[in-house]
Protein chains: 2
Amino acid sequence: MVSILLMVKIMKNEVRKFQEFVRRNKLLWSNEREIIAEQVFENHFHFTADELFIQLDQKGKNISRATVYRTLDLLERGKLVGKIQLQSGKHIYEHIFGHQHHDHLICQECGKIIEFHNDKMEKIQKKISRKENFEMQGHCLKIYGICSKCQKK
Amino acid sequence: MVSILLMVKIMKNEVRKFQEFVRRNKLLWSNEREIIAEQVFENHFHFTADELFIQLDQKGKNISRATVYRTLDLLERGKLVGKIQLQSGKHIYEHIFGHQHHDHLICQECGKIIEFHNDKMEKIQKKISRKENFEMQGHCLKIYGICSKCQKK
DNA sequence: TTAGGGTTGAGATTTGGTCTCAATCTTATT
DNA sequence: AATAAGATTGAGACCAAATCTCAACCCTAA
Ligand SMILES: [Zn+2]
Ligand SMILES: [Zn+2]
Ligand SMILES: [Zn+2]
Ligand SMILES: [Zn+2]
């Protein structure tokens with residue numbers, strides 16, 4: 001009688017993408033990178049590096065802040081997550097992979113973030129860059145103001 | 001024989017505007033505020049708080065960092081200077097008074113900043129805000145890429 | 001199994017900026 | 001001009017976010 005144990009690691013598509021990116025860049029795939037990526041792709045909106053660190057900590061994963069920061073950098077370089085700077089100077093992260101590019105409306109009162117995408121604006125930006133002989137790589141548009149809920153208060 | 005000495009302080013228009021703002025807000029007009037404002041309006045492009053502090057220091061003005069930061073905040077509140085956040089997290093300042101609103105192209109290679117203004121884009125932003133019932137107060141658009149000079153390298 | 005080299009954790013360090021508070025200055029009022 | 005109330009300042013302590021250090025450890029290819 002023969003028993004075959006087949007270990008197949010179920011890996012989220014996004015995590016696998018990250019793994020591919022890491023390998024493609026001749027870096028090593030570590031446990032920590034996998035755990036962090038998993039958590040990142042469980043967060044379905046914006047989060048800070050420290051929030052992510054605390055989430056992991058609460059799950060009993062002992063991963064240092066440094067590694068969280070380092071891995072978020074890697075994820076950003078791989079274009080799997082985006083990094084956005086708030087006016088306060090703090091950074092927040094969000095998925096990119098599988099999501100359409102978008103910009104943000106940010107409420108100055110409660111911090112609420114509304115996402116939007118506008119093709120016409122994207123095109124204008126490309127046009128402006130061309131006119132200046134500027135090789136556009138990316139952009140960052142944030143509209144600051146007061147959200148509808150906070151206006152009522 | 002009578003001799004009249006008339007002391008008239010020559011003050012740049014921009015500095016006077018700041019003085020008016022300070023007085024309007026029931027704050028006091030100090031020597032430090034005047035010296036800082038003068039230096040600010042001598043800078044005809046973007047500068048950091050620390051650069052400003054060093055400029056003043058090199059001129060022999062003994063003004064503390066704290067006061068420089070505090071005064072820049074005030075100038076910003078008075079809408080006399082604008083504060084822009086770079087991707088690195090650093091802030092740069094620039095005149096606003098007497099200048100048209102504009103956005104920035106920022107070279108990732110050499111740091112060069114090109115200013116531009118596009119009315120159509122401003123309008124689209126207002127439209128987007130209206131649609132979301134968002135009371136727009138301001139916005140920040142930065143286009144990142146490589147300037148023509150750096151492309152040639 | 002091993003060697004070479006990438007990765008990690010703990011904590012120190014850096015950075016850009018803010019806060020504290022006693023001394024000082026500004027301004028309005030006598 | 002003197003005074004009093006309150007705003008401003010400077011020096012340095014402090015802060016949070018992020019980065020760096022380096023020895024111990026882990027991954028991978030051979
Ligand atoms: Zn709100
Ligand atoms: Zn978003
Ligand atoms: Zn350049
Ligand atoms: Zn500008």
Side-chain angles (χ1 to χ4, degrees), chain A residues 9 11 15 18-39 46-57 59-78 81 83-93 111, chain B residues 7 9 11 15 18-37 39 46-57 59-78 81 83-93 111:
Chain A
K9 194 148 212 177
M11 215 187 264
V15 178
F18 182 42
Q19 192 185 40
E20 281 166 27
F21 170 78
V22 166
R23 295 237 148 96
R24 203 160 52 241
N25 285 70
K26 311 245 179 293
L27 302 172
L28 308 185
W29 185 242
S30 70
N31 238 313
E32 288 80 0
R33 285 178 179 168
E34 182 164 337
I35 292 169
I36 293 169
E38 270 168 6
Q39 186 61 47
H46 306 90
F47 58 92
T48 66
D50 212 61
E51 278 162 13
L52 187 66
F53 169 74
I54 290 167
Q55 286 179 339
L56 292 166
D57 193 57
K59 282 191 175 179
K61 317 284 188 187
N62 274 94
I63 295 179
S64 78
R65 258 193 185 74
T67 300
V68 171
Y69 276 98
R70 288 190 281 233
T71 305
L72 282 171
D73 273 3
L74 256 192
L75 282 159
E76 195 199 356
R77 281 201 267 148
V81 311
K83 187 178 187 179
I84 303 145
Q85 207 174 25
L86 303 182
Q87 260 186 334
S88 63
K90 284 176 192 162
H91 290 105
I92 54 177
Y93 294 86
Chain B
M7 287 283 292
K9 194 148 212 175
M11 214 187 265
V15 178
F18 181 43
Q19 191 185 42
E20 281 166 27
F21 169 79
V22 166
R23 294 237 148 94
R24 204 159 53 241
N25 285 70
K26 309 246 179 297
L27 301 171
L28 309 186
W29 186 242
S30 69
N31 239 313
E32 287 81 0
R33 284 178 179 169
E34 182 164 337
I35 293 169
I36 293 170
Q39 187 61 47
H46 307 91
F47 58 91
T48 66
D50 214 60
E51 278 163 13
L52 187 65
F53 170 74
I54 290 166
Q55 285 180 338
L56 292 165
D57 194 56
K59 283 192 173 179
K61 316 286 190 185
N62 273 94
I63 295 179
S64 78
R65 260 194 182 73
T67 300
V68 171
Y69 276 97
R70 286 190 283 233
T71 305
L72 282 171
D73 273 2
L74 255 190
L75 282 158
E76 195 199 356
R77 280 201 269 146
V81 311
K83 188 178 188 179
I84 303 147
Q85 207 172 25
L86 302 182
Q87 261 186 331
S88 64
K90 285 177 193 163
H91 290 105
I92 54 177
Y93 294 86

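Convention: sequence-line order gives letters A, B, ...; per-chain numbering from 1.
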* Value in whole Å for how far the P atom of D/dA17 lies from CD of B/Gln85 -> 14 Å
* To do: Respond yes when some side-chain nitrogen or oxygen of B/His91 is under 4.0 Å from OP1 or OP2 of C/dG17, and no when none is.
  => yes
* **Rounded distance in Å - CG (A/Asp73) to C1' (C/dT7)** => 14 Å
* To do: May I ask you to verify if any side-chain N or O of A/Tyr69 is less than 4.0 angstrom from the OP1 or OP2 atom of D/dA18?
  => yes
* Phosphate OP1/OP2 of D/dT8 contacted by B/Arg33 side-chain N/O (<4.0 Å) -> yes
* Verify the contact: side-chain N or O of B/Thr48 to OP1 or OP2 of C/dG16, cut-off strictly under 4.0 Å; return yes or no. => no
* Asked: Heavy atoms, side chains only, cut-off 4.5 Å: are B/Thr48 and B/His91 in contact?
  -> no
* Asked: Is B/Ser30 near enough to D/dT9 that one of its side-chain N or O atoms lies under 4.0 angstrom from OP1 or OP2?
  -> yes
* Asked: Do A/Lys61 and A/Gln55 meet the criterion of a side-chain donor-acceptor pair at a distance under 3.5 Å?
  -> no
* Over how many whole Å does the gap from B/Glu34 atom CD to C/dT26 atom C1' extend? -> 14 Å
* Nearest-nucleotide wise, let me know which of B/Leu27 and B/Lys83 is further upstream toward the 5' end of DNA chain C. => B/Lys83
* Asked: C/dA23 C1' sits how many Å from B/Leu28 CG, rounded?
  -> 16 Å
* Asked: Given side chains that start at C-beta, do those of B/Phe47 and B/Ile54 come closer than 4.5 Å, heavy atoms only?
  -> no
* **Residue mapping more 5' on DNA chain C - nearest nucleotide basis, B/Glu32 or B/Asp50** => B/Asp50
* Structure fact -> Separation of D/dT19 atom P from A/Leu72 atom CG, nearest Å, is 10 Å
* Pick base, sugar-phosphate or nothing for B/Lys26, based on heavy-atom distances below 4.0 Å to the nucleic acid. => nothing
* Distance in angstrom units between A/Tyr93 OH and D/dA17 P, rounded -> 12 Å
* To do: Could you tell me whether the phosphate oxygens of C/dT8, OP1 or OP2, come under 4.0 Å of any side-chain nitrogen or oxygen in A/Ser64?
  => no
* Scan A/Asn62 against the nucleic acid and name what it touches under 4.0 Å (heavy atoms): base, sugar-phosphate only, or nothing. => sugar-phosphate
* Ring-ring centroid check B/Trp29 B/Phe18, cutoff 6.0 Å -> yes
* Asked: Within the pair A/Arg70 and C/dG9, is there a side-chain N or O less than 4.0 Å away from OP1 or OP2?
  -> no
* Any chance the side chains of B/Lys90 and B/Gln85 put a donor and an acceptor closer than 3.5 Å? -> no
* Asked: Between B/Leu86 (CG) and C/dT15 (P), how many Å, whole number?
  -> 16 Å
* Asked: Of B/Trp29 and B/Ala66, whose closest DNA chain D nucleotide lies nearer the 5' terminus?
  -> B/Trp29
* Heavy-atom distance under 4.5 Å between the side chains of B/Thr67 and B/Thr71, does that happen here? -> yes
* Taking only the side-chain nitrogens and oxygens of A/Arg23, find out if one of them lies under 4.0 Å from OP1 or OP2 of D/dC27. => no
* To do: Quickly work out the B/Ile63 CD1 to D/dA11 P distance and round it to whole Å.
  => 11 Å
